[in-house]
Amino acid sequence: MTRTEPISILIVDDHTIVRQGLITLFTIQPDFHVVGEADNGERAVSMAAELVPDVVLMDLVMPGINGVEAIREVKKVSPRSQVIVLTSYHEDEYIFPALRAGAISYVLKDIEPDQLVETVKRAVQGESIMHPQVAARVVQEIRVTNPPPSNPFSELSERELEVLRYIANGLTNAEIAEELFISEKTVKGHVSNILSKLNMLDRTKAAVFAWKQGFMQSD
């Protein structure tokens with residue numbers, strides 16, 4: 001759906017020259033309306049509650065409550081407002097607290113004007129934009145917090161691994177029993193254990209899974 005009203009923006013930064021520059025940038029854009037400016041976190045929260053802007057451009061290091069706390073409070077008083085961090089800091093101690101507090105995007109002050117304009121437009125649509133350095137740190141953190149899954153076959157015994165290999169090669173229980181010199185009943189027991197450990201419904205799915213995971217190339 002095409003938006004008919006301009007995007008309302010609240011600019012928060014303790015440096016007058018930065019605020020003025022941002023006001024100028026968005027004032028000359030046809031689809032934006034700067035509804036207010038604040039030079040500290042407390043003022044930002046009260047103005048967000050009063051003005052309910054579409055987007056809040058938020059600095060992080062300011063007098064009074066810091067930007068992270070201001071983000072958290074803004075999201076409480078005006079949940080619809082999307083908060084974009086616009087800062088000079090890209091260290092972990094700033095990035096992750098700001099994102100956890102509710103910021104949708106995190107960009108640095110070296111951003112090009114047209115990129116900042118696009119970041120604001122994306123925020124209104126619920127899309128996040130991250131400075132490349134910030135994005136790299138977020139991805140790294142996710143990898144550390146959610147490490148790749150371990151070997152999916154690690155719970156299988158040596159015999160179960162043998163049986164799975166035969167299953168993946170299309171052998172029946174009777175044929176597997178003949179290959180391993182064990183009873184068909186024992187094979188059925190191994191198959192049942194394999195399906196349970198791999199959380200598979202049937203031997204066909206287990207066979208497909210084995211091939212997809214590269215199990216059959218591990219000889």
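Note that this is a predicted model, so its numbers are computed, not measured. We count residues from 1, following the sequence as given.
The local environment of CD1 in I17 is sparse, with at most 12 non-hydrogen atoms from other residues, nucleotides or ligands closer than 6.0 Å. Counting heavy atoms of neighbouring residues, nucleotides and ligands inside a 6.0 Å radius, atom CZ of F209 exceeds 12 of them. For E93, the CD atom sits in a packed shell: over 12 heavy atoms of surrounding residues, nucleotides or ligands are nearer than 6.0 Å. Counting heavy-atom neighbours within 6.0 Å of D114 CG, excluding the residue itself, gives a total above 12.
Residues W211 and V191 share a single hydrophobic cluster, defined by chaining ILVMFWY side chains whose heavy atoms lie under 4.5 Å apart.
The only option from E184, K188, R203 that meets the side chain to side chain donor-acceptor pair (under 3.5 Å) definition with N173 turns out to be R203. Between V187 and the choices T172, I176, L171, I167, the side-chain contact (heavy atoms from CB on, under 4.5 Å) rule is met once, by I176. Just one of V12, I71, V56, V77 meets the side-chain contact (heavy atoms from CB on, under 4.5 Å) condition when paired with V45; it is V77.
Between R165 and E162, no side-chain nitrogen of the basic residue sits less than 4.0 Å from a carboxylate oxygen of the acidic one, so the salt-bridge criterion is not met.
M58 has its side chain out of reach of I84: every pair of non-hydrogen atoms, C-beta onward, lies at least 4.5 Å apart. Taking the side chain as every heavy atom from C-beta outward, I23 and L25 never approach each other to under 4.5 Å. Side-chain contact check for V61 versus N66: every heavy-atom pair is 4.5 Å or farther apart. Within the 4.5 Å cutoff, no side-chain heavy atoms of V55 are placed close to those of L10. Counting heavy atoms from C-beta on, the side chains of V35 and M47 never come closer than 4.5 Å. Taking 4.5 Å as the limit, some side-chain heavy atom of Y166 sits within range of a side-chain heavy atom of E179. Proximity of I95 to Y89: side-chain heavy atoms (C-beta onward) are nowhere separated by under 4.5 Å.
In this structure, H15 NE2 and Q20 CD are separated by 12.5 Å, a value rounded to the nearest 0.5 Å. For the atom pair L86 CG and I111 CD1, the distance stands at 7.5 Å (nearest 0.5 Å). Here the CG-CD distance, from L198 to E160, works out to 9.0 Å after rounding to the nearest 0.5 Å. Note that CG of L156 and NE2 of H190 are 11.5 Å apart. Values are rounded to the nearest 0.5 Å. Between S88 atom OG and Y94 atom OH the span is 10.0 Å, to the nearest 0.5 Å. Taking CD of E69 as the start and CG of L60 as the end, the distance is 12.5 Å to the nearest 0.5 Å.
Among pairs with a residue in residues 8-22, those fulfilling salt bridge (charged side-chain N to carboxylate O under 4.0 Å, His left out) read D13-K109, R19-E37, at least two apart in sequence or across chains.
The aromatic ring centres of F96 and Y106 sit 6.0 Å or more apart.
Side chain of S128 to backbone of I104: a donor-acceptor contact under 3.5 angstrom is found. A distance-only check finds no donor-acceptor pair linking the side chain of T87 to the backbone of L108 [under 3.5 Å]. In this structure, S8 contributes its side chain and D54 its backbone to a donor-acceptor pair below 3.5 Å. Under the 3.5 Å distance criterion, the side-chain polar atoms of S46 are matched with a main-chain donor or acceptor of R43.
Nearest heavy atoms, L195 versus A206: CD2-CB, 3.8 Å. The two residues S81 and P53 have their closest heavy-atom pair at OG-O, 2.5 Å.
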Can I get a per-line list of side-chain donor-acceptor pairs under 3.5 Å for residues 116-126, giving both atom names and the distance, sequence neighbours left out?
unit_1: E118; atom_1: OE2; unit_2: R122; atom_2: NE; d: 3.0
unit_1: T119; atom_1: OG1; unit_2: Q115; atom_2: O; d: 2.8

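Side-chain contact of T24 with T27: a donor-acceptor pair under 3.5 Å is absent, judged by distance alone.
Partners of E178 according to the side-chain hydrogen bond (donor to acceptor under 3.5 Å, both in side chains) rule, which considers only residues two or more places apart in sequence or in another chain, do not exist here.
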